[in-house]
Amino acid sequence: MWRAQRIAVRFGFVDKPSARKIHARPIPLLGGAAIYLGTVIAMFMFSGFTRLSVAIMIGGLLIVIIGLLDDTAKSKGYDFPVWPRVIVYVSAAFVSVLLDIRMLGVTDPGPGGMIMFPVWASAAATVLWIFALTNMVNFIDGVDGLAAGVAMISSLTLFVAAMIKGQFETAVLSIIVLGACTAFLTYNFYPARIFMGDSGSAFLGFTLAVISVNGAFKSATLISTLIPVLALGVPIMDTVIVMTRRFFEGRGLHKADNMHTHHVLMRWGLTQVQTVSFLYLLAVVFSLLSIVLLLAWG
């Protein structure tokens, strides 16, 4: 991580302060590339070439490339257009579908076995979930250590769920993401020495979404489909609140602002550390609920 930090500083690849941001000095932005490389290397060391690892490698690379372009725009002081990101995020989600990592159906509570989705519905639901989570984790990356810490808690939850269900490949990938987030957090917790940028937060959202499709959503009961939703409850909750507010205020849903949950908590008087700690606690509560749900009805 320190190498990425030095390279970013050397080439001016930094996130500059602005009215919408809370940091007061330029911060290196190459953390996302380091997270991607660390995750992919560990993934192939411990899992080899599987459909899941290839989906994360290829789809994640698309996410990281467009994220680095977005981060480059930030380092030069202007906003990157939204539509290239939308196209790439959807394309990355389709990589998962093409490799047959998708929501297949739900377990019938009666004697009928599985209720299978039509192929088009399976593909659409998978793409929508991956696209949404990619953006949602990206949205919460506004306070030192928040996105990495929440992703760490979510990946731990997906690991526990995978172990309970005997899905060992999913468990291995979840623990790799957990390790990547933990390592990054040592540099990113307040006061941050490096940011993951859009390349990192979007990659983590994408990876967690794909892992949950391969794990928690596979052969799920109607009740246990809530497990990944709860495991990723903090970014989902934040996005729902923010999008609802923007809709009723008649503002563009894609327009960045300072109305996310972490911004509101800090305006209420919490420090960065207190804000992040509170949202960590909320993520833990959501995660514990998801595990209880799995054990009771999964």
Side-chain angles (χ1 to χ4, degrees), residues 43 47-63 66 83 85-138 151 154-155 157-174 177 202-233 235-236 239-240 243 253 286 290 293-294 297-298:
M43 186 171 61
S47 293
F49 284 85
T50 66
R51 287 183 301 175
L52 180 59
S53 62
V54 171
I56 291 173
M57 180 187 69
I58 297 175
L61 181 60
L62 295 175
I63 296 288
I66 196 68
W83 286 111
R85 284 183 292 166
V86 170
I87 293 169
V88 171
Y89 290 0
V90 171
S91 300
F94 264 111
V95 171
S96 174
V97 173
L98 292 174
L99 289 167
D100 207 33
I101 299 171
R102 54 191 176 89
M103 302 177 189
L104 299 176
V106 294
T107 302
D108 188 348
M114 286 283 293
I115 301 174
M116 302 301 295
F117 297 149
V119 173
W120 66 267
S122 171
T126 302
V127 169
L128 180 61
W129 170 256
I130 295 174
F131 175 82
L133 257 295
T134 300
N135 281 284
M136 287 174 180
V137 176
N138 189 16
S154 298
S155 58
T157 309
L158 294 175
F159 166 76
V160 173
M163 291 298 292
I164 291 172
K165 298 179 74 172
Q167 299 167 333
F168 298 111
E169 183 190 10
T170 302
V172 169
L173 265 294
S174 299
V177 175
F203 170 69
L204 286 177
F206 169 80
T207 303
L208 291 170
V210 173
I211 289 173
S212 67
V213 169
N214 191 70
F217 274 124
K218 186 177 287 184
S219 302
T221 64
L222 288 171
I223 294 294
S224 65
T225 53
L226 291 174
I227 292 165
V229 175
L230 287 170
L232 295 150
I236 292 173
T239 302
V240 170
M243 292 301 176
L253 298 182
F286 278 133
S290 71
L293 200 61
L294 176 61
W297 293 288

For [X] against [Y], the heavy-atom pair lying closest together:
X: Ser212; Y: Trp129; answer: OG-NE1, 2.9 Å
X: Pro235; Y: Met136; answer: CB-O, 3.7 Å
X: Ala231; Y: Ser290; answer: N-CB, 4.1 Å
X: Gly59; Y: Ala92; answer: O-CB, 3.6 Å

Are any non-hydrogen side-chain atoms of [X] and [Y] less than 4.5 angstrom apart?
X: Ile56; Y: Ile211; answer: yes
X: Leu52; Y: Leu173; answer: yes
X: Arg102; Y: Val127; answer: no

### Query
Taking only residues two or more places apart in sequence, or in another chain, which ones meet Phe131 in a side-chain contact (heavy atoms from CB on, under 4.5 Å)?
Val86, Tyr89, Val90, Asn135
### side-chain contact (heavy atoms from CB on, under 4.5 Å) partners for Ser96, two or more places apart
Ile101, Thr126, Ile130, Val210
### Query
If you measure only the distance, is there a donor-acceptor pair under 3.5 Å linking the side chains of Glu169 and Ser47?
no
### Message
Regarding Thr50 and Ser53, do their side chains bring together a donor and an acceptor under 3.5 Å, going by distance alone?
### Response
yes
To the nearest 0.5 Å, what is the distance between [atom1] on [X] and [atom2] on [Y]?
X: Leu230; Y: Leu294; atom1: CG; atom2: CG; result: 11.0 Å
X: Leu158; Y: Leu208; atom1: CG; atom2: CG; result: 6.0 Å
X: Leu62; Y: Met57; atom1: CG; atom2: CE; result: 10.5 Å
X: Leu128; Y: Leu133; atom1: CG; atom2: CG; result: 10.0 Å
X: Leu99; Y: Phe94; atom1: CG; atom2: CZ; result: 13.0 Å

### Task
Could you list the residues that satisfy ring-ring contact (aromatic ring centres under 6.0 Å, His included) with Phe206, not counting sequence neighbours?
none
#### Entry: Short side-chain to backbone donor-acceptor contact, Ser122 and Pro118, under 3.5 Å
no
### Crowding at CZ, Phe117 (>12 non-hydrogen neighbours, <6.0 Å)
yes
